[in-house]
There are 2 protein chains.
Amino acid sequence: MPANTDQQAALRIASGRKPFVEPLRLGERLKEIRLSNQWTLEDVSQRTGLARSTLSKIENNQISPTFTAVQKLINGLGIDLPQLLTPPKVQTRTMGRRDLTRQGEGERHPTPTYEHELLSCELAQKRMIPFKTIVRARSFEEFSEWVRHDGEEFLMVLEGEIRLYTEFYEPLQLSRGDSIYFDSDMGHALVSVSEDDAVVLSVCTRGDAV
Amino acid sequence: MPANTDQQAALRIASGRKPFVEPLRLGERLKEIRLSNQWTLEDVSQRTGLARSTLSKIENNQISPTFTAVQKLINGLGIDLPQLLTPPKVQTRTMGRRDLTRQGEGERHPTPTYEHELLSCELAQKRMIPFKTIVRARSFEEFSEWVRHDGEEFLMVLEGEIRLYTEFYEPLQLSRGDSIYFDSDMGHALVSVSEDDAVVLSVCTRGDAV
DNA sequence: AAACTCTGTTTCCAATAGTGAACCGACCCA
DNA sequence: TGGGTCGGTTCACTATTGGAAACAGAGTTT
């Protein structure tokens with residue numbers, strides 16, 4: 001063995017890097033994912049556009065897929081790299097929580113303009129905040145300023161008709177069944193325009209990351 | 001193919017991923033990293049064991065590196081995949097996006113058990129995935145296996161009545177206006193128990209960090 | 001300027017990835 | 001038993017990658 005090699009090995013070790021290109025357990029991983037979804041090679045071929053034979057060889061570590069191939073894989077299978085790489089992936093199981101809220105049984109928070117009913121408020125530590133709102137406001141002037149909060153908001157009209165004012169757009173008229181998704185740090189405000197007060201369902205993300 | 005698969009496919013599409021292989025901006029990214037460290041191609045060659053020429057071609061998108069090559073890159077440069085993939089720095093300080101979906105105008109994804117209508121699917125990169133579902137299933141047996149996916153789910157019954165089966169609890173009967181929040185990696189399945197097919201609104205979190 | 005050096009690109013070729021077709025069980029089903 | 005299908009592997013061939021060396025451009029030095 002040429003001295004050169006030892007040199008490099010020494011350097012490599014000294015630099016605290018992984019020995020070398022690791023065994024590439026990508027094949028096993030792929031197979032695992034495939035089987036756990038009960039996909040056949042043909043299924044995966046359809047989804048990814050890669051040949052059945054190619055997939056077989058990848059799974060058996062007979063070839064090292066091209067990066068475009070990897071891309072086709074992650075696109076086609078709807079997974080992301082981490083998922084492909086992390087070996088067995090023991091999920092952090094925050095499993096099995098649930099929180100039921102019967103119609104009208106939420107926690108009420110009245111304000112002059114809105115009457116909120118918080119849903120699923122037994123559950124702490126959740127990543128979304130759902131609430132039903134009766135929109136009392138009838139004109140934009142009733143708001144002293146824009147409503148805004150970090151994150152994103154999804155909203156669907158359950159009853160009546162509303163007008164949605166937003167900071168950067170023209171007002172929008174929404175009827176029952178219409179829905180909208182928007183960045184909630186953009187100023188927004190709702191008013192009822194129907195005979196009766198409108199009712200909307202909103203779901204906000206919790207601003208705090210991850 | 002199990003119903004679960006269609007579920008996931010629908011979710012995948014909803015999550016705003018690009019349909020197929022994107023332009024592969026990996027070259028630009030590599031160059032960016034290299035320059036920001038003031039490395040020459042030769043330096044990188046030393047570190048990674050890849051030929052200078054190869055590196056040049058990768059940076060100019062003239063070839064799609066083999067996965068082993070990519071591994072050598074991430075090992076040699078001491079970076080991780082995400083770093084290599086995150087598009088050239090576009091930190092989404094997104095503000096003021098919005099996406100309106102009128103009643104019935106969502107993207108339909110029928111499955112044997114559910115008929116999904118994805119809402120706000122114009123908007124990519126969002127943290128929640130809202131969709132309306134007509135629950136066709138009438139009995140638990142129609143599901144070949146539990147539906148499950150990373151993250152959390154909020155659900156409200158819009159019309160009809162459903163029974164919610166979950167892996168760890170007794171089935172729950174939900175009527176119009178009732179809502180529930182649960183960890184969606186707990187197996188779950190919905191069936192209609194009303195005269196007509198029930199309709200529910202669901203909002204899922206996107207599990208994957210980016 | 002010529003000679004040298006340091007950079008990144010291009011060329012050419014050997015090595016290897018990707019493909020369709022053939023092949024091989026295993027499992028129906030009559 | 002003799003077809004049929006279905007899932008996966010292997011084969012033969014083509015397309016593409018990866019490496020050594022040659023090339024090209026921009027400074028430096030003399």
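Protein chains get the first letters and strands the later ones, always in sequence-line order, with residue 1 at the start of each.
- In this structure, E59(A) atom CD and dA17(C) atom P are separated by 16 Å, rounded to whole Å.
- As rounded to whole Å, 15 Å separates atom P of dT16(C) from atom CG of N61(A).
- A nucleotide of DNA chain D counts as in contact with chain B when one of its atoms lies under 4.0 Å from a heavy atom; the first and last such, 5' to 3', are dT17(D) to dA22(D).
- Proximity of the aromatic rings of F143(B) and Y114(B) is defined here by a centroid distance below 6.0 angstrom, and this criterion is met.
- Among the protein residues, L55(B) comes within range of no part of the nucleic acid, since none of its heavy atoms lies under 4.0 Å from any strand.
- A donor and an acceptor atom sit less than 3.5 Å apart, one in the side chain of K57(A) and one in the base of dT19(C).
- Backbone-only contact: T40(B) has heavy atoms under 4.0 Å from sugar-phosphate atoms and none from a base.
- Applying the 6.0 Å contact sphere to CD of Q38(B) captures no more than 12 heavy atoms from other residues, nucleotides or ligands.
- In terms of phosphate contacts, T54(A) brings a side-chain nitrogen or oxygen within less than 4.0 Å of OP1 or OP2 of dT19(C).
- Separating the CD1 atom of I63(A) from the P atom of dG18(C) is a distance of 4 Å, rounded to the nearest angstrom.
- One atom, CG of N60(B), and another, P of dG8(C), lie 11 Å apart when rounded to the nearest Å.
- Projected onto DNA chain D by closest heavy-atom contact, R52(B) and A69(B) fall at different nucleotides, the more 5' of which corresponds to A69(B).
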Set out, in order, the CA-CA distance, both residues' side-chain angles and the distance that settles side chain to side chain contact (heavy atoms under 4.5 Å, CB included) for L100(A) and R98(A), then state yes or no. CA-CA 7 Å; L100(A) 171 69; R98(A) 70 168 193 187; 5.8 Å; no

Begin from the C-alpha positions of N61(B) and E28(B) and carry the test side-chain hydrogen bond (donor to acceptor under 3.5 Å, both in side chains) through to its verdict. CA-CA 8 Å; N61(B) 294 327; E28(B) 290 80 330; 3.3 Å; yes

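- Q62(A) has its CD atom 12 Å from the P atom of dG18(C), to the nearest Å.
- Rounded to an integer number of Å, the gap from W39(B) CH2 to dT7(C) P is 15 Å.
- Between R102(B) and D178(A) there is a salt bridge, with a side-chain nitrogen of the basic residue lying less than 4.0 Å from a carboxylate oxygen of the acidic one.
- Dashed line: the shortest gap from a side-chain N or O of S56(B) to OP1 or OP2 of dT9(C) is under 4.0 Å.
- Atom NZ in K72(B) sits about 10 Å away from atom P in dT16(C), given to the nearest Å.
- What separates CG of D43(B) from P of dC6(C) is a distance of 12 Å, to the nearest Å.
- Taking the six-membered ring where the residue is Trp, H149(B) and H188(B) present perpendicular rings, their angle passing 60° and hence far from 30°.
- Other residues, nucleotides and ligands contribute at most 12 non-hydrogen atoms within 6.0 Å of the CD atom of E170(B).
- Using a 4.0 Å heavy-atom distance criterion, T66(A) is classed as a sugar-phosphate-only contact.
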